[in-house]
Amino acid sequence: MDVFNVIDRDGKKIRDKDIINYIQIRLESNASFVPSMTDSVGVTPSEEHTLIELSGTDRTGLLSEVCAVLADLHCNVVNAEIWTHNARAAAVVHVTDDTTGCAIKDPARLASIKELLCNVLRGNNELKAAKMTLATSGVTNRDRRLHQIMFADRDYERVGRAELRRVEDKGSRPQVTAFDCSQKDYTVITMRAKDRPKLLFDIICTLTDMQYVVFHGMVNTGRTESYQEFYIRHVDGVPISSEAERERVVQCLEAAIERRASEGLELQLCTDDRVGLLSDITRIFRENSLSIKRAEISTKGGKALDTFYVTDVTGNPVDPKMIDSIRREIGQTILQVKCNSTPPPPKSPQGTTMGFLFGNLFKARSFQSLKLIRSYS
């Protein structure tokens with residue numbers, strides 16, 4: 001049995017019957033479906049968009065350059081998501097022809113798009129290869145694909161992390177451990193991090209893509225932080241067997257938690273959509289020395305609904321005067337600043353994690369009788 005206590009994004013009980021029915025239908029439709037690693041992305045046919053996946057070295061102005069190239073090639077960005085982590089960048093972008101509003105299918109044009117975008121991603125002195133794929137159909141689970149793209153790009157490697165985190169609050173770093181549970185032949189993974197939407201999704205997707213199966217688990221959230229504990233084995237039925245494998249799992253889970261962390265000031269843009277809008281907005285950010293750490297781009301009902309997380313070029317908070325100047329240029333009603341309160345750093349765990357789980361969840365109960373979370377790979 002899997003039990004989840006959930007709330008909406010505003011922290012309130014879900015009372016909308018349509019949402020509850022939708023969740024129930026989706027869960028029941030997939031109840032007997034065990035996806036393989038190959039099929040886990042969730043691609044469904046679509047003739048509406050051309051899908052572009054990008055990865056390369058992050059730098060200030062990269063998104064602006066990509067958007068400018070797409071605008072010059074008469075591609076309209078319909079929706080997109082961009083992540084940056086550990087000096088790497090990845091993006092999943094859906095574009096249409098700016099004239100027809102349909103997917104781009106001409107092979108010569110697709111080849112030109114790929115060549116020019118690869119040149120932008122490569123930049124100067126590219127130490128790690130830039131990657132790009134194109135498809136004329138397909139609607140991808142963007143979050144899942146971004147995790148897979150960055151995992152394949154090895155963004156979890158700790159090279160240069162000390163310099164990258166010079167302005168980061170050390171107390172906000174996720175705490176991940178992996179140790180043996182010899183009594184039950186599992187590896188125990190514990191994670192303590194700032195709570196946020198989709199945190200559980202990010203962790204489970206990463207474990208599944210690394211071909212681990214979650215047999216038992218517990219998730220507990222407080223006002224600002226989340227504690228998660230999972231009992232896992234590899235798909236071949238054995239727990240983690242080496243220190244190198246253990247270290248890699250810890251690094252990959254840390255990266256999965258950090259990729260979607262809301263680093264920087266959150267800016268929300270809402271205006272009438274038009275061809276080239278994203279290119280213009282990101283150019284203004286670049287000209288004012290803003291670095292985009294993460295972005296979510298969407299269009300709905302002829303409206304552009306975009307969210308950007310920005311810092312200055314050194315990774316420090318942006319000068320409020322600079323933001324005021326940018327808002328005056330774009331339009332103060334169009335570009336809004338969302339105020340994020342910074343919670344205190346998570347407290348260190350009290351006692352051992354093994355004692356926490358067994359003392360509170362499995363006391364006087366069979367270990368096999370309580371399965372809160374089950375993940376299939």
Side-chain angles (χ1 to χ4, degrees), residues 35-38 40-41 53 55-58 81-92 128-129 131 141-162 164-165 168 170 172-181 186-196 198-217 219 226-261 263 293-294 346 353 373-377:
S36 66
M37 180 70 175
T38 309
S40 63
V41 174
E53 296 179 351
S55 66
T57 299
D58 185 31
E81 190 152 356
I82 300 93
W83 290 359
T84 64
H85 178 253
N86 203 15
R88 305 302 294 172
V92 174
K128 296 182 73 173
K131 299 177 183 178
N141 181 322
R142 293 186 309 186
D143 297 346
R144 185 68 176 277
R145 280 302 297 147
L146 284 164
H147 277 301
Q148 292 174 337
I149 292 168
M150 300 204 86
F151 175 77
D153 204 26
R154 303 177 71 89
D155 74 310
Y156 54 84
E157 292 180 339
R158 292 177 173 171
V159 177
R161 278 193 167 193
L164 289 169
R165 301 186 187 284
E168 184 178 317
K170 305 302 181 188
S172 66
R173 291 282 309 280
Q175 301 170 19
V176 182
T177 63
F179 56 91
D180 295 328
C181 177
Y186 295 110
T187 295
V188 183
I189 305 293
T190 71
M191 285 148 290
R192 187 180 293 270
K194 177 183 176 182
D195 192 29
R196 59 169 173 78
K198 299 188 179 181
L199 178 61
L200 177 61
F201 172 91
D202 295 339
I203 291 168
I204 294 298
C205 282
T206 299
L207 287 172
T208 302
D209 287 342
M210 295 181 74
Q211 301 192 39
Y212 291 100
V213 180
V214 176
F215 287 87
H216 306 273
V219 177
S226 171
Y227 178 85
Q228 304 188 26
E229 188 162 329
F230 302 108
Y231 286 69
I232 69 169
R233 292 179 186 147
H234 197 265
V235 290
D236 58 11
V238 300
I240 294 175
S241 57
S242 70
E243 189 58 35
E245 182 184 4
R246 190 188 317 276
E247 180 67 16
R248 182 169 179 265
V249 169
V250 169
Q251 290 181 5
C252 290
L253 289 173
E254 287 177 345
I257 295 170
E258 292 170 345
R259 286 170 193 148
R260 208 200 294 263
E263 179 183 355
K293 296 299 183 181
R294 188 161 65 90
T353 52
I373 297 174
R374 179 69 185 266
S375 172
Y376 299 95
S377 59

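Residues take their numbers from the sequence shown, with the count starting at 1. Owing to the predicted nature of the structure, the values given are computational and were not obtained by experimental measurement.
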Visitor: Just so I know, are the side chains of L199 and Q228 near enough to count as touching, which here means a heavy-atom distance under 4.5 Å?
Guide: yes
Visitor: Checking V92 against R144 for the side chain to side chain contact (heavy atoms under 4.5 Å, CB included) test, could you report, in this order, the C-alpha distance in whole Å, the side-chain angles of both residues, the deciding distance, and whether it holds?
Guide: CA-CA 10 Å; V92 174; R144 185 68 176 277; over 6 Å; no
Visitor: Assess whether side chain to side chain contact (heavy atoms under 4.5 Å, CB included) is satisfied between I240 and F179, documenting all intermediate values.
Guide: CA-CA 9 Å; I240 294 175; F179 56 91; over 6 Å; no
Visitor: How far apart are the closest heavy atoms of A178 and R246, and which atoms are they?
Guide: O-CD, 3.2 Å
Visitor: Hey, could you give me the OG1/CG distance between T190 and L253, rounded to the nearest 0.5 Å?
Guide: 10.0 Å
Visitor: Looking only at non-hydrogen atoms, find the nearest pair between I149 and A90 and report the distance.
Guide: CG2-CB, 3.8 Å
Visitor: Check whether D195 reaches the backbone of S226 with its side chain - one donor and one acceptor, N or O, closer than 3.5 Å.
Guide: no
Visitor: Measuring from N86:CG to E258:CD, what's the distance to the nearest 0.5 Å?
Guide: 8.0 Å
Visitor: For I203 and I189, what are the C-alpha separation, side-chain angles and deciding distance, and is it a side chain to side chain contact (heavy atoms under 4.5 Å, CB included)?
Guide: CA-CA 11 Å; I203 291 168; I189 305 293; over 6 Å; no
Visitor: In Å, rounded to the nearest 0.5 Å, how long is the span from CZ of R260 to NE2 of H147?
Guide: 5.0 Å
Visitor: Compare all side-chain heavy atoms of T187 with those of D180 and state whether any distance is below 4.5 angstrom.
Guide: yes
Visitor: Rounded to the nearest 0.5 Å, what separation is found between the CH2 atom of W83 and the CG atom of L146?
Guide: 5.0 Å
Visitor: I want to check something: taking the side chain as every heavy atom from C-beta on, are Y212 and V249 in contact at a cut-off of under 4.5 Å?
Guide: yes
Visitor: Check whether any side-chain heavy atom of R196 lies under 4.5 Å from a side-chain heavy atom of D202, and answer yes or no.
Guide: yes
Visitor: Can V176 and M191 be said to form a side chain to side chain contact (heavy atoms under 4.5 Å, CB included), step by step?
Guide: CA-CA 5 Å; V176 182; M191 285 148 290; 3.7 Å; yes
Visitor: Heavy-atom distance under 4.5 Å between the side chains of F201 and D143, does that happen here?
Guide: yes
Visitor: How many angstroms lie between OG1 in T206 and CE in M210, if you round to the nearest 0.5 Å?
Guide: 8.0 Å
Visitor: Got a second to check how far R88's CZ is from R259's CZ, nearest 0.5 Å?
Guide: 12.5 Å
Visitor: Measure up the Y186 and F215 rings against each other and bin them: parallel (under 30°), tilted (30 to 60°), perpendicular (over 60°).
Guide: tilted
Visitor: Could you list the residues that satisfy salt bridge (charged side-chain N to carboxylate O under 4.0 Å, His left out) with E247, not counting sequence neighbours?
Guide: R158
Visitor: Is a side-chain N or O of D236 found less than 3.5 angstrom from the main chain of V238, in a donor-acceptor match?
Guide: yes
Visitor: For D58 and H85, indicate whether the former's side chain and the latter's backbone hold a donor-acceptor pair under 3.5 Å.
Guide: no
Visitor: Dump the intermediate steps for salt bridge (Lys or Arg N to Asp or Glu O under 4.0 Å) on E245 and R248, then the final yes or no.
Guide: CA-CA 5 Å; E245 182 184 4; R248 182 169 179 265; over 6 Å; no
